[in-house]
There are 2 protein chains.
Amino acid sequence: MSAFGFTSHDHAACISAGVAQAATACQAAGLQFTPVRRRVLEILLAEHRAMGAYDVLEHLRREGLGSQPPVAYRALDFLVKNGFAHKIERLNAFIACTRSGKDHAPVFLICSSCASVMETTWEPGESQLGVAADAVGFSVNAVVVEAMGTCPACRADIGR
Amino acid sequence: MSAFGFTSHDHAACISAGVAQAATACQAAGLQFTPVRRRVLEILLAEHRAMGAYDVLEHLRREGLGSQPPVAYRALDFLVKNGFAHKIERLNAFIACTRSGKDHAPVFLICSSCASVMETTWEPGESQLGVAADAVGFSVNAVVVEAMGTCPACRADIGR
DNA sequence: GGCTTTTTGTTGTCTTATTACACTTACTGC
DNA sequence: GCAGTAAGTGTAATAAGACAACAAAAAGCC
């Protein structure tokens, strides 16, 4: 058992489900879900936290799947572009998408003390942001929302 | 005349006002508004766009105010920490705060084609974000919202 | 099979950011 | 004023993150 967002779950099932979902989506879209790409997604799903490109590369290297930075970056770019993973700008790190398939505006809750990340969503259309952008004639394509704070586990630790 | 966000304004006044405001705030808080820090803020205000740390450093270097990266990073860290500037994570760049003084949750509208940045604000407390965070027991300290899109000027260029 | 497109392997380099340490300036209490 | 301490600056070196460019291999198509 491990942390999914901040709640427990069946982790092995969650990895295989994520990979299967991606495989299906790639097939449907005519994309190549190659071994490297599949493996990178598995690594991200297995860790269930934000990982740097070089962390991912280290895994690949140990498995003989590629040793140079571009290998990791290309796979990560593929996953991000197709919605199977997200980049957390604040951490220069990547995380598997937990809401794969849906076209969504991700929101990340990042714990400052343990660096765990939870993904949730919002509806930008309903927010002040859309209104403010419209007011100045700015058309929004993509929104990144990253909230720094303390996760429940770390709050408990502090109180202990 | 130059772009302030996406609307025109008296730029010289805006620089001196920004610096004066920061000077006052530093005095009130017992912070040292040193020449390097002042100059970095002036540079950010003068350009009125997101600048990389090395862009800022280049200005300092030409003026003999420091030539090594830490000089720029320390000044920028000071400005960010005290709310006189913000870091745009998505661009690895910094921009002077246009709402100095108020404790606010900044929102950035970033133009993908010309890289200009407009700052606005929102009220996270009223949003779904606060609700979602509360629901999982996550306490939010700071929120970064960065919207990629197209600014009015670039939209006009495309249409032309 | 031959052709085109996509993906991978690899080298090298560039940008962004920080650590570490010496030195100087500013504040504090006496 | 002046020691003692804290804060800030100068500098060198290096770590971390990211990508451009090109060659080789694999996949998809006719």
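Note: hydrogens, waters and symmetry copies are ignored here, and every other heavy atom, side chains too, is used. Because the structure is a prediction, the values reported are computed rather than measured. Chain A is the first sequence line, chain B the second, and so forth, proteins listed ahead of strands; every chain is numbered from 1.
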For A/Leu65, report the nucleic acid contact type (base, sugar-phosphate, nothing); a contact means any heavy atom under 4.0 Å.
sugar-phosphate
Walking DNA chain C from its 5' end, the first of A/Ser67 and A/Phe78 to be reached, judged by nearest nucleotide, is A/Phe78
With a cut-off of less than 4.0 Å, is there a side-chain N or O of A/Asn92 near OP1 or OP2 of C/dT16?
no
Does the gap between the ring centers of B/Phe108 and B/His86 come in under 6.0 Å?
yes
Provide, to the nearest angstrom, the distance between the CZ atom belonging to B/Phe33 and the P atom belonging to C/dA26.
16 Å
Nearest to the side chain of A/Val71 - C/dG9, D/dG10, D/dC19?
C/dG9
Are any side-chain N or O atoms of B/His59 and backbone N or O atoms of B/Asp55, one a donor and one an acceptor, separated by less than 3.5 Å?
yes
Check whether any side-chain N or O of B/Thr34 sits under 4.0 Å from OP1 or OP2 of D/dT9, and answer yes or no.
yes
Could you state the atom-to-atom distance from CD of B/Gln68 to P of C/dA17 in whole Å?
16 Å
Would you call the rings of B/Phe78 and B/Phe84 parallel, tilted or perpendicular, taking 30° and 60° as the class edges?
tilted
Whole Å only: how far is the CD atom of B/Glu58 from the P atom of C/dT16?
13 Å
Would you say B/Asp77's side chain and B/Arg74's backbone share a donor-acceptor pair under 3.5 angstrom?
no
Expressed as a whole number of angstroms, how long is the span from B/Leu31:CG to D/dA6:C1'?
14 Å
Answer with yes or no whether B/Tyr54 presents, from its side chain, a donor or acceptor under 3.5 Å of a partner atom in the base of C/dA17.
yes
Tell me, for nucleotides 20-30 of chain D in 5' to 3' order, what letter each nucleotide earns: B for a base near a protein heavy atom under 4.0 Å, S for only sugar-phosphate near one, - for neither?
BB-----S---
Does a side-chain N or O of A/Tyr73 approach OP1 or OP2 of D/dC19 to a distance below 4.0 Å, or not?
no
Looking only at heavy atoms, what is the nearest atom pair of A/Ile95 and A/Leu44, with distance?
C-CD1, 4.2 Å
OP1 or OP2 of C/dA17 less than 4.0 angstrom from a side-chain nitrogen or oxygen of B/Lys87, does that happen here?
yes
Within a strict 4.5 Å, meaning less than it, do heavy atoms of the A/Glu146 and A/Ile110 side chains meet?
yes
Do side-chain atoms of B/Arg37 reach the backbone of B/Ala75 as a donor and acceptor pair under 3.5 angstrom?
no
To the nearest Å, how far apart are A/Arg38 CZ and C/dT8 P?
13 Å
